[in-house]
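Being a predicted model, the structure only gives us computed values, none of them experimental.
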Amino acid sequence: PKRAETSMLPSSPDPADAARAPAADLSTTSETTEPVARWRSGRWWALSVAVPLGLFEATRLVQLTFLALLSGDPPGHLAGWLMLWDATWFVQIAENGYEPGYTYDTAGEITGNGLAFFPLYPMLIRVLAGLPGLSPADAALVISWVAAGAAAVLLSILGTRLYSRRTGYALAVLFGAQPMSVILSMG
């Protein structure tokens, strides 16, 4: 006699059953109806771009306020703190181009190598710094802030598509509120 299976796990579906099942009619879902109309509507813009960008920018404002308060510097010196570390290398490359070799200090010790940095960001700094009223440091900050905002919006759209709008918004906030995200505001 055949012994009955006592497994608590569900059995795997029969591929033949899947082949006989009617295909889902995707033409009637709201995801595919008039995508151009949804794109042109202000509602899409507000829910998918403006809200996550606003949430992300609110986190930036809170973090930069804390950074300014903790630094103890007079107002206006926050930009100096945001242009530390790699930002100085990127601005130097944007202004002077790449050095042909290693960089040495007056004692002959190696201080770094600009060749370690990819060229796209310095090229964007150079282009944007060509606009009147923007220094290379200001251009670096603008590029960083725009790129971080775009990343927050794209992350929110991804979360919305995979789960829900609430998840998308939460991802935008968490992206901007994590402790190390202050780096997103640096040049």
Side-chain angles (χ1 to χ4, degrees), residues 24 26-71 75-95 116-187:
L26 297 178
S27 64
T28 60
T29 64
S30 63
E31 282 292 316
T32 58
T33 54
E34 304 176 24
V36 174
R38 284 189 313 136
W39 170 260
R40 290 181 181 158
S41 76
R43 186 170 187 269
W44 180 90
W45 173 261
L47 293 176
S48 297
V49 176
V51 171
L53 187 60
L55 291 170
F56 175 73
E57 292 305 321
T59 65
R60 299 289 85 227
L61 181 62
V62 169
Q63 275 197 347
L64 292 177
T65 300
F66 280 134
L67 184 63
L69 292 173
L70 292 174
S71 71
H77 288 109
L78 182 60
W81 283 102
L82 297 177
M83 292 303 299
L84 294 176
W85 300 299
D86 290 351
T88 56
W89 282 99
F90 283 120
V91 170
Q92 180 182 342
I93 293 167
E95 291 176 326
F117 299 96
F118 290 110
L120 179 62
Y121 185 54
M123 286 183 346
L124 290 174
I125 292 171
R126 182 177 284 190
V127 167
L128 200 59
L131 297 175
L134 274 181
S135 69
D138 294 338
L141 291 174
V142 167
I143 293 165
S144 293
W145 293 346
V146 168
V153 168
L154 292 173
L155 189 60
S156 175
I157 291 171
L158 177 66
T160 300
R161 297 275 304 193
L162 292 177
Y163 296 102
S164 68
R165 190 164 308 281
R166 181 184 293 185
T167 301
Y169 293 163
L171 287 174
V173 170
L174 292 173
F175 178 65
Q178 62 163 322
M180 290 304 296
S181 67
V182 71
I183 300 297
L184 299 171
S185 296
M186 297 179 80

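Annotation: side chain of Tyr169 is in contact with side chain of Leu47 (closest heavy-atom distance under 4.5 Å). Side-chain contact between Leu162 and Thr167 is absent, with no heavy-atom pair separated by less than 4.5 Å. Taking the side chain as every heavy atom from C-beta outward, Trp145 and Leu82 approach each other to under 4.5 Å. In this structure, Val146 and Ile143 have side chains that are not in contact, with every pair of non-hydrogen atoms separated by 4.5 Å or more. Under the 4.5 Å side-chain criterion, counting only non-hydrogen atoms from C-beta, Phe56 is not in contact with Leu155. With a 4.5 Å cut-off on side-chain heavy atoms, Leu184 and Phe175 count as touching.
Here the shortest heavy-atom pairing between Ala140 and Met83 reads CB-CE, 4.1 Å. Considering all non-hydrogen atoms of both residues, Ile93 and Pro122 come closest at CG2-CB, 3.6 Å.
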Please report, to 0.1 Å, the donor-acceptor pairs under 3.5 Å made by any side chain of residues 61-68, with sequence neighbours excluded.
{"unit_1": "Gln63", "atom_1": "OE1", "unit_2": "Arg60", "atom_2": "NH1", "d": "3.3"}
{"unit_1": "Gln63", "atom_1": "OE1", "unit_2": "Arg60", "atom_2": "NH2", "d": "2.7"}
{"unit_1": "Gln63", "atom_1": "OE1", "unit_2": "Ser181", "atom_2": "OG", "d": "3.2"}
{"unit_1": "Gln63", "atom_1": "OE1", "unit_2": "Val182", "atom_2": "N", "d": "3.2"}
{"unit_1": "Gln63", "atom_1": "NE2", "unit_2": "Gln178", "atom_2": "O", "d": "3.0"}
{"unit_1": "Gln63", "atom_1": "NE2", "unit_2": "Ser181", "atom_2": "OG", "d": "3.2"}
{"unit_1": "Thr65", "atom_1": "OG1", "unit_2": "Leu61", "atom_2": "O", "d": "2.7"}

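Atoms CG and CG, on Leu128 and Leu141 in that order, are 10.5 Å from each other to the nearest 0.5 Å. In this structure, the separation between OG on Ser48 and CG on Leu53 is 12.0 Å, given to the nearest 0.5 Å. Considering CG of Asp138 and CG of Leu131, their distance stands at 11.5 Å, rounded to 0.5 Å.
Legend: residues meeting ring pair (Phe, Tyr, Trp, His ring centres under 6.0 Å) with Phe90, ordered by chain and number and at least two apart, are Phe117, Tyr121. Remark: Trp89 engages no residue in a side chain to side chain donor-acceptor pair (under 3.5 Å) (not counting sequence neighbours).
Proximity of a side-chain donor or acceptor of Ser144 to a complementary backbone N or O of Met186 within less than 3.5 Å is detected. No donor-acceptor pair closer than 3.5 Å links the side chain of Ser156 to the backbone N or O of Ala152. Side chain of Arg126 to main chain of Ala94: a donor-acceptor pair is present (N/O by atom type, distance under 3.5 Å, no hydrogens or angles).
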